[in-house]
Amino acid sequence: MLPCAAMDAHGDDPVQRIRAAVAAIPRGRVASYGEIAARAGLPGRARLVGRVLREAPAALRLPWHRVLRAGGVTAFPAGSREAREQARRLAAEGVPMQRGRVALDRHGWERDLDAALWAPPTRRR
DNA sequence: TACTTGACCGTAT
DNA sequence: CATACGGCCAAGT
């Protein structure tokens, strides 16, 4: 038998883990390719994330529009069909993209961590 | 088999 | 802000 059979039980396939990481991006939030790679346990492999998204079946309904390049810049050429579609989808969930860029300090997935560290100890509202 | 491409990234100039 | 460079590595030529 193959030794990988055991690990498969947990989903060892990089493609599956990347898809799962993308699917986990909260609505109204965005993440970078590098961040997704790291969350999928594949640090330094941002390009693989791009490849996986490009080849992902549309039927999977992955929130690909929530994935941006480092710095919050769209991975698509300005004005391209994909870039416009991405901006449209993000806008639909309250994430503005201007000049092909999203403000990560306001909409980045990791923003919550910083917010938590800087937030007042007591309740907020 | 060797070389090129890419939905990328961080650092350095 | 813009180039450049090295790292990454599966697919395509």
Side-chain angles (χ1 to χ4, degrees):
Chain A
M1 66 200 64
L2 297 172
C4 60
M7 298 191 290
D8 269 4
H10 198 292
D12 188 44
D13 180 10
V15 173
Q16 295 302 319
R17 304 205 321 212
I18 288 172
R19 286 174 175 174
V22 171
I25 305 173
R27 181 184 166 77
R29 283 285 158 71
V30 298
S32 71
Y33 289 87
E35 185 183 335
I36 293 303
R39 278 182 177 268
L42 302 163
R45 301 195 58 187
R47 304 191 82 136
L48 182 59
V49 174
R51 169 180 300 286
V52 169
L53 284 183
R54 188 183 65 189
E55 311 200 335
L60 290 180
R61 292 273 163 191
L62 292 179
W64 59 269
H65 58 286
R66 298 182 198 154
V67 184
L68 302 162
R69 281 188 183 173
V73 179
T74 178
F76 307 103
S80 66
R81 190 177 62 74
E82 292 290 8
R84 280 180 290 120
E85 174 66 7
Q86 180 168 43
R88 190 188 69 73
R89 292 195 183 199
L90 285 176
E93 45 189 78
V95 180
M97 185 170 84
Q98 301 184 336
R99 294 198 307 288
R101 172 192 302 274
V102 166
L104 290 184
D105 56 340
R106 281 176 50 80
H107 307 95
W109 193 4
E110 295 303 311
R111 193 185 70 100
D112 284 337
L113 178 58
D114 294 330
L117 292 175
W118 287 89
T122 52
R123 80 285 169 273
R124 67 158 179 63
R125 83 174 76 177

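Throughout, a chain's letter reflects where its sequence line sits, starting with A, and its residues are numbered from 1.
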Undergrad: Take the protein atom CG of A:Leu42 and the nucleotide atom P of B:dC9, then report the distance between them rounded to whole Å.
TA: 14 Å

Undergrad: What residue among A:Glu85, A:Glu93, A:Gln86, A:Arg88 forms side chain to side chain donor-acceptor pair (under 3.5 Å) with A:His65?
TA: A:Glu93

Undergrad: Could you measure between the two P atoms, the one in C:dG7 and the one in B:dA7, and give it in whole Å?
TA: 22 Å

Undergrad: When the distance from OH of A:Tyr33 to P of B:dG10 is rounded to whole Å, what number comes out?
TA: 14 Å

Undergrad: Just checking A:Ser32: base, sugar-phosphate only, or nothing, at a heavy-atom cut-off of under 4.0 Å?
TA: sugar-phosphate

Undergrad: Pick base, sugar-phosphate or nothing for A:Arg69, based on heavy-atom distances below 4.0 Å to the nucleic acid.
TA: sugar-phosphate

Undergrad: Let me know the distance between CZ of A:Arg54 and C1' of B:dC8, rounded to the nearest Å.
TA: 12 Å

Undergrad: Whole-Å distance between B:dG6 P and A:Ile18 CD1?
TA: 19 Å

Undergrad: Which two nucleotides bound the region of DNA chain C that has atoms under 4.0 Å from heavy atoms of chain A, read 5' to 3'?
TA: C:dG7 to C:dA11

Undergrad: Rounded to the nearest Å, what distance is computed from the CG atom of residue A:Leu104 to the P atom of nucleotide B:dC9?
TA: 11 Å

Undergrad: Just one of A:Ile36, A:Ile18, A:Val15 clears the side chain to side chain contact (heavy atoms under 4.5 Å, CB included) bar with A:Leu48, so which one?
TA: A:Ile18

Undergrad: What is the distance from CD1 of A:Ile36 to P of B:dC9, rounded to the nearest Å?
TA: 11 Å

Undergrad: So which one's nearest nucleotide on DNA chain C is more toward 5', A:Glu55 or A:Arg47?
TA: A:Arg47

Undergrad: Is the positively charged end of A:Arg66 above the ring of A:Trp109, judged by distance under 6.0 angstrom from the centroid and angle within 45° of the axis?
TA: no

Undergrad: Which part of the nucleic acid does A:Arg45 contact within heavy-atom distance under 4.0 Å: base, sugar-phosphate only, or nothing?
TA: sugar-phosphate

